[in-house]
Amino acid sequence: MSRSSGVRGAMYLFMTGVIFITVLGNLVLSWKSSISYFKQLHSPTNFLILSMAIIDFLLGFTIMPYSRDGMIISVENCWYFGITFCKVHYSFNLMLCLVSIFHLCSIAVDHLYAICYPLHYSSKITFHVIRQLLAICWTVPAAFAFGIVFSEAYASGIQGYKILVACSSLCPIVFNKLWGTVLFTVGLFAPSCVMIGIYAIFFVISKKHARVVNNMPDDANNDVRSQLSKKKDREAAMTLSIFMGMFLICWFPCFFTFLIDPFLHFTTTLVLFDALNWFGYFNSTCNPLIYDFFIHDFRKH
């Protein structure tokens, strides 16, 4: 499908703006979390934030401009770099998206433990634990992405795929029923269950906190402590709900399409696929904005 020069120019302008905000926002977040990391070594939270900002920066700098769903092919409807580079780039694309999502789950776990178990946080959530968590966040998506793409297991049983690959102007990455379901489970369903479960646990524990505070003797100090406890719980609830809400809003349409498209005989158009992937990328644009404008504890550093 050819587009007029005006439409292409508008698309380039819009996508360049999104990429610029993503790269700049995550650079600023990396800088802030690095400063806080060196000033406050007792808190590993900023180490997680720094790692997530680096991931989202790489996604914006290396993937969004060039990938199968990136700016160039979204505008030009043509892939100029060959099938091998297509596989390499799509592997990095899928890996970084999954690593970013896994980081969101890790940060949600960290926030839950910090709010609900403050007395045990410093002894349980150490930098050694965070390093192990980050190793999982990197190695599992990397093994999954490169393994499935270079083995071409994702295309097993898809009729006409070899003909599609033979066309050098396309970067044909489509998932069969099995791997579309696996991708949906790994990329969306499992992380969503983790974050929703964390939110439910936090809600139950925060209600217990409120009951304990309300049962304390009614004096001025307890009243102040009650107000502080409620404020802290509200801020934590806002943090988790914003994280979970933006994640689901941005990524659900994309992963759900990966799930249902094989059962619809691959009738989803490339234009729609590109649009949904860009909507997912927008989560990496929003992450630094969420931290900078909505999370009070991080802004104080």
Side-chain angles (χ1 to χ4, degrees), residues 7-40 43-76 81 89-108 110-111 130 134 137-138 141 238-251 253-254 274-301:
V7 172
R8 291 164 59 197
M11 291 179 68
Y12 271 123
L13 184 63
F14 172 76
M15 293 178 180
T16 301
V18 173
I19 293 171
F20 177 78
I21 294 172
T22 303
V23 170
L24 181 62
N26 283 289
L27 276 177
V28 172
L29 181 60
S30 300
W31 176 71
K32 288 185 177 181
S33 55
S34 297
I35 292 175
S36 183
Y37 168 72
F38 287 114
K39 285 184 177 180
Q40 301 192 14
S43 176
T45 301
N46 291 308
F47 197 33
L48 273 173
I49 298 170
L50 174 61
S51 181
M52 185 185 71
I54 292 172
I55 295 301
D56 289 338
F57 167 80
L58 290 174
L59 191 65
F61 187 74
T62 65
I63 299 299
M64 292 171 70
Y66 313 107
S67 76
R68 167 61 191 86
D69 309 293
M71 177 175 65
I72 293 176
I73 197 169
S74 294
V75 177
E76 303 292 343
F81 310 110
H89 228 296
Y90 196 86
S91 297
F92 276 107
N93 181 358
L94 184 58
M95 181 190 75
L96 291 177
C97 289
L98 292 177
V99 171
S100 179
I101 291 169
F102 279 31
H103 272 66
L104 292 178
C105 290
S106 301
I107 291 173
D110 177 77
H111 276 69
I130 293 299
L134 290 178
C137 288
W138 274 94
M238 178 183 293
T239 299
L240 293 178
S241 59
I242 291 174
F243 260 132
M244 186 170 62
M246 286 306 303
F247 166 70
L248 291 175
I249 290 171
C250 291
W251 279 116
C254 178
D274 290 346
L276 295 179
N277 271 273
W278 270 87
F279 204 46
Y281 292 153
F282 189 64
N283 190 226
S284 295
T285 307
C286 293
N287 284 337
L289 302 178
I290 291 173
Y291 264 99
D292 206 31
F293 295 108
F294 293 100
I295 299 181
H296 178 70
D297 289 339
F298 185 77
R299 290 202 310 266
K300 291 192 303 182
H301 289 308

Checklist outcome for this item: Note: Pro141 and Met95 closest approach over all heavy atoms is CB-O, 3.8 Å
Checklist entry - Do other residues, nucleotides or ligands put more than 12 heavy atoms under 6.0 Å from Phe57 CZ? => result yes
Checklist entry - So, do Trp251 and Ile101 sit near enough that their side-chain heavy atoms are less than 4.5 Å apart? => result yes
Checklist entry - Hey, is the main chain of Thr22 close enough, under 3.5 Å, to the side chain of Asn26 for a donor-acceptor pair? => result yes
Item to check | Approximate separation, where rounding is to 0.5 Å, of Leu104 CG and Ile55 CD1 | outcome: 11.0 Å
Checklist entry - Taking the side chain from Ser51 and the backbone from Phe47, do they hold a donor-acceptor pair closer than 3.5 Å? => result no
Checklist entry - Hey, what's the ring geometry for Tyr281 with Trp278, parallel, tilted or perpendicular (30° and 60° as the breaks)? => result perpendicular
Item to check | Step-by-step side chain to side chain contact (heavy atoms under 4.5 Å, CB included) determination, His103 to Val99 | outcome: CA-CA 6 Å; His103 272 66; Val99 171; 3.5 Å; yes
Next on the checklist: As an exercise, state the distance from CG of Asn277 to SG of Cys250, rounded to the nearest 0.5 Å.
Outcome noted: 12.0 Å
Checklist entry - For the atom pair CG (Leu24) and OG1 (Thr285), what is the distance rounded to the nearest 0.5 Å? => result 11.5 Å
Next on the checklist: To the closest 0.5 Å, what do you measure between CD1 (Ile19) and OG1 (Thr62)?
Outcome noted: 10.5 Å
Item to check | Spatial distance of atom CD1 (Ile21) from atom OG (Ser284) [nearest 0.5 Å] | outcome: 13.0 Å
Next on the checklist: Within this structure, what is the CG-CG distance for the pair Asp110 and Leu48, rounded to the nearest 0.5 Å?
Outcome noted: 5.5 Å
Item to check | Under 3.5 Å donor-acceptor, Ser106 side chain and Phe102 backbone | outcome: yes
